[in-house]
Structure formats: C-alpha cells, structure tokens
There are 2 protein chains.
Amino acid sequence: MVDPMSPTPLYVQVADLLAAEIKSGGIASGAAIPSESRLQQEHGVSRGTARRAVALLVERGLVVTVPQRGTYVKPA
Amino acid sequence: MVDPMSPTPLYVQVADLLAAEIKSGGIASGAAIPSESRLQQEHGVSRGTARRAVALLVERGLVVTVPQRGTYVKPA
DNA sequence: GTGTATTTGTTCGTATGTATC
DNA sequence: CGATACATACGAACAAATACA
C-alpha cells in the first residue's frame with residue numbers, strides 16, 4: 001500500500017510497487033501492466049500520479065508504452 | 001486558545017496545543033496535522049509563528065515534516 | 001497535456017520588548 | 001543617557017514539489 005506519511009512521492013511508491021510485481025514475476029515479460037485508470041482505483045491516486053508512476057518505469061527501462069495499446073513489461 | 005498576553009511565546013503555545021491534541025489521540029499516529037496556513041487561521045498567528053511551532057514539534061520528535069506534502073504524527 | 005490548488009521552503013522588511021554595552 | 005544586540009512576531013512575496021481535476 002502507498003503511505004502518505006512516507007517522504008517518498010506517491011508516484012514513486014506506485015512505481016516501486018509495480019516494479020516489485022514485475023521483478024517477482026507477478027506480471028510476466030511481455031504482459032501488460034494495469035491501465036492508468038486501474039492504477040487510480042487500486043492505489044487511490046489521481047490519474048496524473050498514475051501517469052507519472054508509469055513514466056518512471058519507462059525511464060527505468062522496465063516497460064514500454066505503446067500508444068493506444070497499453071504498457072508492457074520488457075523482456076529481460 | 002493562544003494568549004497574546006502570556007509571557008510564553010506564541011509559537012510555544014501553538015506547539016503545546018498541538019502536542020496536547022496529539023497526546024490525547026485527537027490526531028492519530030500517521031495522520032497529518034493541520035497545514036501551516038490552517039494553523040494560521042485557527043490560532044490567528046502569522047505563518048512564521050506557525051512554522052516555528054511545527055519546527056518545535058519536530059525537535060521534540062512528535063512529528064515528521066515531508067516537504068511539499070505535510071507534517072505527520074510519528075508512530076508511538 | 002494543461003491548469004489549478006495545496007503545502008513546505010526561503011527570503012526580505014518592519015516593529016516591539018528586553019537585555020547588554 | 002545613548003547605542004547595540006537579540007528574540008519574538010507579523011506581513012508579504014516568491015520558489016518548488018506534489019497532487020488533483
């Protein structure tokens with residue numbers, strides 16, 4: 001769960017949760033991660049925050065976003 | 001209420017009021033205390049004074065301040 | 001993608017009372 | 001007596017990050 005008391009920005013927390021889920025295999029290579037709207041609901045954040053979280057994963061090279069399709073876990 | 005006539009500095013009075021509210025459970029662990037601007041309004045003091053009050057609570061170890069987020073009651 | 005609101009961080013200036021030199 | 005220093009308190013303004021709509 002995200003922690004409002006943490007000094008870590010919410011979008012970083014969401015990104016870290018997703019990264020952990022990817023690393024553990026909870027989301028397989030090539031599979032889509034939850035949509036922005038799903039991330040909103042699951043973590044109780046705004047869409048802007050969800051978007052930033054995904055953008056962070058893209059920066060880290062963990063996922064690739066395909067316009068009008070979704071965001072997918074990169075193959076190792 | 002804060003008393004401008006008291007020899008106790010206003011920022012100490014505000015800090016003591018907040019400390020009492022925390023101790024009594026009026027503000028739970030992990031919950032945010034009022035923002036500086038709210039403390040201004042509630043106690044009729046300047047923001048500088050509100051800031052000093054919060055800083056005092058941080059010194060006492062009662063709360064932690066997260067930049068651009070807020071100030072939260074430390075877990076016991 | 002944009003715009004707005006909120007919150008803390010920071011820096012000025014001014015005024016007052018107290019204490020010190 | 002005058003001059004200085006310090007702490008308190010207020011006011012205003014702006015910056016930056018976060019979050020939401």
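Below, read A as the first sequence line, B as the second, and so on, with proteins coming before strands; counting in each chain starts at 1. The basis for the numbers below is simple: all heavy atoms, side chains too, and nothing from hydrogens, waters or symmetry mates.
- Here the straight-line distance linking atom CD of A:Q40 with atom CD of A:E42 works out to 11.0 Å at 0.5 Å rounding.
- Nucleotide D:dA9 holds its C1' atom 9 Å from the CZ atom of B:R52, rounded to whole Å.
- Here the C1' atom of nucleotide D:dA12 and the CD atom of B:Q40 are 11 Å apart, to the nearest Å.
- Rounded to an integer number of Å, the gap from NE2 of A:H43 to P of D:dC20 is 13 Å.
- Between the CE atom of A:M5 and the P atom of D:dT18 there is a distance of 18 Å, given to the nearest Å.
- A straight line from CD of A:E36 to P of C:dG1 spans 12 Å, rounded to a whole angstrom.
- Phosphate contact (OP1/OP2 of D:dC10, side-chain N/O of B:T49, threshold under 4.0 Å): present.
- Note on B:G48: nothing from the nucleic acid sits closer than 4.0 angstrom, heavy atoms only.
- Comparing A:G44 and B:P9 against DNA chain D, the residue whose closest nucleotide sits nearer the 5' end is B:P9.
- A donor-acceptor contact shorter than 3.5 Å is absent between the side chain of A:S6 and the backbone of A:D3.
- B:R51 comes within 4.0 angstrom of a base, heavy atoms only.
- Taking only distance into account, the side chain of A:R47 never meets the base of C:dG1 through a donor-acceptor pair shorter than 3.5 Å.
- Looking at which nucleotide of DNA chain D each of B:A50 and B:Q68 is closest to, the 5′-most match is held by B:A50.
- Summarising the geometry, the separation between CG on A:L56 and P on D:dA19 is reported as 13 Å, rounded to the nearest angstrom.
- Counting any heavy atom pair closer than 4.0 Å across all strands shown, B:V45 reaches sugar-phosphate atoms only and no base atom.
- To the nearest angstrom, P of D:dT8 lies 11 Å from CG of B:L10.
- In terms of modelled atom types and a separation under 3.5 Å, the side chain of B:T49 and the main chain of B:V45 share no donor-acceptor contact.
- Between B:S29 and B:P75, the closest heavy-atom pair is OG-CA, 3.6 Å.
- Between B:Y11 and D:dT8 there is a side-chain N or O to OP1 or OP2 distance below 4.0 Å.
- Atom CZ in B:R69 sits about 9 Å away from atom P in D:dC20, given to the nearest Å.
- Applying the 4.0 Å criterion to OP1 and OP2 of D:dG11, one finds that B:S46 has every side-chain N and O outside that range.
- Here A:D16 pairs with A:R60 in a salt bridge; the nearest charged N to carboxylate O distance falls below 4.0 Å.
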